[in-house]
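Everything on this sheet refers to the single structure shown next.
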Amino acid sequence: MKKVCIIGYPAKHSLSPVIHGYWLEKYGIEGKYEIRETEPEKFDDFFRNLHEEGYVGCNITVPFKEMAYQLIKENGRLIGNDNYLGAINTIQIKDGQYFGVSTDIFGFFENIKINSPEFEFKNSNVVILGGGGAARSIISDIVLKGAKQVILTNRTKKNVEKIKDELTDIYSRKVKIFDWEQRSEALSGANLLVNTTSLGMVGQPPLEIDLTNLPKDALVTDIVYKPLITPLLQQAKDRGNPIVDGLGMLLYQAVPGFEMWFAEELKAKGIKGVEVTPELRKLVESKL
Ligand code: ATR
């Protein structure tokens with residue numbers, strides 16, 4: 001039986017086993033998705049031993065996405081374009097060789113495509129709040145999809161300056177940095193506002209932002225999904241802005257991993273791809 005796991009610290013409350021478990025059952029595939037909470041000092045060894053432990057792949061979550069990227073860069077292969085700016089979340093192991101990819105990007109864009117199909121990245125002005133791993137993973141693809149301008153603003157300014165510096169010229173030219181104190185001013189003319197900070201999450205302080213300058217038709221999305229409707233999304237909804245919650249990103253980022261790990265099993269059953277059904281969404285929502 002194929003074994004997959006999620007590695008993080010903490011990882012106990014991860015919802016990934018619910019998502020992958022749903023697909024294993026729905027498609028009648030024999031497989032196991034385990035939680036392997038791993039202390040940071042043990043990550044390196046654990047990661048290198050995954051193959052010996054019988055895993056065909058894994059998801060990587062906080063705080064190991066950057067470390068996994070480095071390890072794959074040195075000892076494995078990155079799949080797709082190298083736009084991840086140093087962080088990956090999905091590993092496939094085939095004949096002992098490690099392949100790494102970030103599916104957060106797919107999750108982010110698919111969530112918007114499915115839940116706000118009228119939104120166009122082409123010629124858009126985008127404001128991204130935050131400069132952590134999530135901001136890193138989506139920025140270059142937002143530019144690649146044709147955004148006219150991307151404004152980055154983060155409490156620690158040097159973190160977003162670093163992101164801008166790491167981008168190649170064609171991307172970097174489109175990126176503007178605003179002081180965190182000016183985040184409300186940055187919203188003038190925006191078509192899309194994305195919160196990638198942890199603010200607004202259960203147990204974290206709220207995100208304080210004045211949406212007055214945000215055009216009423218701008219799409220607002222949050223990668224925080226607990227609570228499902230964050231104070232930012234509520235504030236946006238109350239003034240009539242379209243919103244997309246963050247749960248879809250979690251659900252869709254899981255799709256490419258499952259399809260890689262269980263490709264043979266799906267093929268044998270004539271299943272082209274796995275679906276994020278309303279039933280799956282409801283199931284995960286019930287566990288939030
Ligand atoms: P992720 O990988 O999910 O993006 P992360 O790398 O820890 O997580 O990033 C968290 C983001 O939330 C960062 O942009 C962080 O800002 P800093 O770079 O200044 O740390 C932001 N964040 C966390 N707590 C915050 C707070 N109290 N005020 C403002 N921003 C905060």
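All ligand and atom numbering here is 1-based and tracks the order in the structure. For the numbers below, each heavy atom of this structure counts, side chains included, while hydrogens, waters and symmetry mates do not. Nothing here was measured: the structure is a model prediction, and the numbers come from that model.
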What I want to know is whether [X] and ligand 1 share at least one N or O pair that is separated by under 3.5 angstrom.
X      : result
Pro205 : no
Thr156 : yes
Gly133 : yes
Gly131 : yes
Gln204 : no

> Where does Leu199 meet ligand 1, judged by heavy-atom distances below 4.0 Å: at the side chain, the backbone, both, or neither?
Replying inline: side chain
> Taking heavy atoms and a distance under 4.0 Å, where does Thr197 meet ligand 1: side chain, backbone, both or neither?
Replying inline: both
Write out the residue and atom name of the closest protein heavy atom to [atom], then the distance separating them to 0.1 Å.
atom                    : result
atom 3 (O) of ligand 1  : Ala134 CB, 4.3 Å
atom 9 (O) of ligand 1  : Gly132 CA, 3.5 Å
atom 16 (O) of ligand 1 : Asn154 OD1, 3.2 Å
atom 20 (O) of ligand 1 : Arg155 NH2, 2.9 Å
atom 23 (C) of ligand 1 : Ser198 OG, 3.3 Å

>> Check the orientation of Phe262 and Phe258. Use parallel for under 30°, tilted for 30 to 60°, and perpendicular for over 60°.
In response: tilted
>> Ring-plane angle category for His20 and Trp261, please: parallel below 30°, perpendicular beyond 60°, tilted otherwise.
In response: tilted
>> Can you see whether Phe109 has Lys145 sitting over its ring - NZ or CZ less than 6.0 Å from the centre and within 45° of the normal?
In response: yes
> Where the side chain of Thr230 meets the backbone of Leu233, is there a donor-acceptor pair that is under 3.5 Å apart?
Replying inline: yes
Do [X] and [Y] sit within salt-bridge range, that is, some charged N less than 4.0 Å from a carboxylate O?
X      : Y      : answer
Lys113 : Glu110 : yes
Glu161 : Lys164 : no
Glu264 : Lys2   : yes

Using atom types as modelled, flag every donor-acceptor pair under 3.5 Å from a side chain in residues 88-95 to any protein atom, sequence neighbours excluded.
{"from": "Asn89", "atom 1": "OD1", "to": "Thr103", "atom 2": "N", "distance (Å)": "2.7"}
{"from": "Asn89", "atom 1": "OD1", "to": "Thr103", "atom 2": "OG1", "distance (Å)": "3.4"}
{"from": "Asn89", "atom 1": "ND2", "to": "Thr103", "atom 2": "OG1", "distance (Å)": "3.0"}
{"from": "Asn89", "atom 1": "ND2", "to": "Asp104", "atom 2": "OD1", "distance (Å)": "3.0"}
{"from": "Asn89", "atom 1": "ND2", "to": "Gln253", "atom 2": "OE1", "distance (Å)": "3.3"}
{"from": "Thr90", "atom 1": "OG1", "to": "Asn59", "atom 2": "ND2", "distance (Å)": "3.3"}
{"from": "Thr90", "atom 1": "OG1", "to": "Thr103", "atom 2": "OG1", "distance (Å)": "3.4"}
{"from": "Gln92", "atom 1": "NE2", "to": "Met260", "atom 2": "O", "distance (Å)": "3.0"}

>> Going by a strict under-4.0 Å cutoff (protein heavy atoms only), does atom 7 (O) of ligand 1 have a neighbour on the protein?
In response: no
>> For a quick check under 3.5 Å, do Gln182 and Ser184 share a side-chain donor-acceptor pair by atom type?
In response: no
>> Under 4.0 Å from a heavy atom of Gly130: which atoms of ligand 1 are those, numbered in the order shown and with their elements?
In response: 14 (O)
